[in-house]
Each structure stands twice: as C-alpha cells, then as structure tokens.
Amino acid sequence: MTDIRELLLSRIRDVADHPEPGVMFKDITPLLADPAAFTALTDALAEIAQRTGATKVVGLEARGFILGAPVAVRAGLGFIPVRKAGKLPGATLAQAYDLEYGSAEIEVHAEDLSAGDRVLIVDDVLATGGTAEASVQLIRRAGAEVAGLAVLMELGFLGGRARLEPALAGAPLEALLTV
C-alpha cells in the first residue's frame, strides 16, 4: 500500500491561495490525467467496496462522481449520484446541512436506494465532513444501510473524521491518504 500512496501523492498538485488567500488547494487533476495513477486509485477504492460488502456506490457531487463511477464499474456495482439540490429530474429525498457560512442541500433519487442496499460513499476529499455527514443521513432516510465511506484524501487538521464517526455508527471510514 506504501507504493500506491507514494504514486497518488506524487500526482496531487498543491495550488497556493486557491480558492482564496491562505488556502492550499489539493488538485487531483494530474492524478486523473495519469492512467496508471487513476487505475491504481480506482482499484484501491473498488477493493474497499468489495471488502465492505457494498451493493451500490454513492458519489458526492462533483469529484465523487469522477471517482465513484469507475469504482462502481470495477466492483460490479450500481452507481448513485448525490447531487446539489435542484439538479435531479425525478422524485428526490433531500438533506440540508450547515456550511461555514450558510447552508446547503443535497438530493438523491428516492427510487435509487432501498432497504436491501449497502452503500459505500465515495468522495475525493474529507474536509470538515459536513457533506459526507448529510449523505449518511440521506442514505439512511432512503432505507439503505451505510457500508462505509472511502475517500482519496483526508485533511486531518479539519476534524472531519471526529464529526463523521458518530454518524457512521461503526461503518468504516477509509482514507487512502491523510494530509
């Protein structure tokens, strides 16, 4: 696993002062552009999906779509997008959550999840955990079980893990990288 961590880290670019001064943005586009690194990432996340017994993969808008869809294909599972409010055309379930300065809402198609589903949530970064926590609540409200949460990278200094662990209620939280 050390080799994959080194490969992934070598393809993540730091961008200073983006989106605002004082922020060091972790840009994953070089990783996505490298077929070997993107394949290694997809394989690692698909292995987590299989290990957790997931039956579906949920990707969180927007980079969670980029990572989650190939993971679902590789693991032989269905893929469910969790979108910002107002983006899905059918009947939806919605979950509001607080941001640093305001609030937001995410939605899922109500019929895409059911009581027999075990869902692995996939995203690129775990920061404060607000969106991930809302997705856990949304999946449970749809009647499905949360099999776990898997991310490429956890920004440990922002405390997302501590916020999420009570909501996950024992389901695993796996980060391939912690920075």
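The figures that follow rest on heavy atoms only: side chains count, while hydrogens, waters and symmetry mates do not.
Using a 4.5 Å heavy-atom threshold, the side chains of L93 and L113 count as separate. At least one side-chain heavy atom of L177 sits less than 4.5 Å from a side-chain heavy atom of R5. With contacts defined as side-chain heavy-atom distances shorter than 4.5 Å, the pair L152/L31 qualifies. V82 has its side chain out of reach of E61: every pair of non-hydrogen atoms, C-beta onward, lies at least 4.5 Å apart. Side-chain contact between M153 and L9: absent, with no pair of heavy atoms (C-beta onward) separated by less than 4.5 Å. At least one side-chain heavy atom of L155 sits less than 4.5 Å from a side-chain heavy atom of V179. Side-chain contact check for I106 versus Q95: some heavy-atom pair is nearer than 4.5 Å. Annotation: side chain of V58 is not in contact with side chain of V108 (no heavy-atom distance under 4.5 Å).
Heavy atoms only, all atoms of each residue included: S103 and D98 are closest at CB-OD1, 4.0 Å. Shortest non-hydrogen contact noted between L45 and A150 is CD2-CB, 3.8 Å. Between L67 and F38 the shortest heavy-atom distance is CD2-CE1, 4.1 Å. Nearest heavy-atom pair across G22 and D17 is N-OD1, 2.8 Å. Of all non-hydrogen atoms in P30 and R11, the two that sit nearest each other are CB-O, 3.2 Å. The minimum heavy-atom distance linking A169 with R140 is given by the pair CB-NH2, 4.1 Å.
A continuous path of hydrophobic side-chain contacts links L120 to F65 [ILVMFWY only; heavy atoms under 4.5 Å]. F25 is not connected to F157 by any chain of hydrophobic side-chain contacts under 4.5 Å among Ile, Leu, Val, Met, Phe, Trp and Tyr, and they are in different clusters. Hydrophobic clustering (side-chain heavy atoms under 4.5 Å, transitive across Ile, Leu, Val, Met, Phe, Trp, Tyr) groups I48 together with I66. Under the 4.5 Å side-chain contact rule for hydrophobic residues, L158 and V15 do not share a cluster. Residues Y97 and L88 do not share a hydrophobic cluster, clusters being chains of Ile/Leu/Val/Met/Phe/Trp/Tyr side chains in contact below 4.5 Å.
A donor-acceptor pair is defined here as one N or O able to donate and one able to accept, closer than 3.5 Å; such a pair exists between the side chain of R118 and the backbone of G53. Put simply, the side chain of S10 gets close to the backbone of L7: a donor and an acceptor are under 3.5 Å apart. D117 places no side-chain N or O within 3.5 Å of a backbone atom of V119 that could act as its donor or acceptor partner.
Under 4.0 Å is where a charged nitrogen must lie from a carboxylate oxygen, and between R51 and E174 at least one such pair does.
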- Task: Could you please spell out the steps behind the salt bridge (charged side-chain N to carboxylate O under 4.0 Å, His left out) verdict for E107 and R83?
- Result: CA-CA 5 Å; E107 294 179 333; R83 306 243 17 218; over 6 Å; no
- Task: Give the C-alpha distance, both sets of side-chain angles, the deciding distance and a yes or no for side-chain contact (heavy atoms from CB on, under 4.5 Å) between V136 and I121.
- Result: CA-CA 8 Å; V136 167; I121 303 163; 3.7 Å; yes
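In this structure, CG in L164 is found 10.0 Å from OG1 in T131, a value given to the nearest 0.5 Å. Expressed to the nearest 0.5 Å, how far CG of L8 lies from CD1 of I28 amounts to 10.5 Å. In this structure, the separation between CZ on R13 and OG1 on T29 is 5.0 Å, given to the nearest 0.5 Å. Summarising the geometry, atom CD belonging to E154 is positioned 12.5 Å from atom CG belonging to D123; distances are rounded to the nearest 0.5 Å. Between the CD1 atom in I4 and the CG atom in L41 there is a gap of 6.5 Å [rounded to 0.5 Å]. Distance CD1/I80 to CG/L138: 11.0 Å, rounded to 0.5 Å.
The neighbour count for R163 CZ, taken as heavy atoms of other residues, nucleotides or ligands under 6.0 Å away, is above 12.
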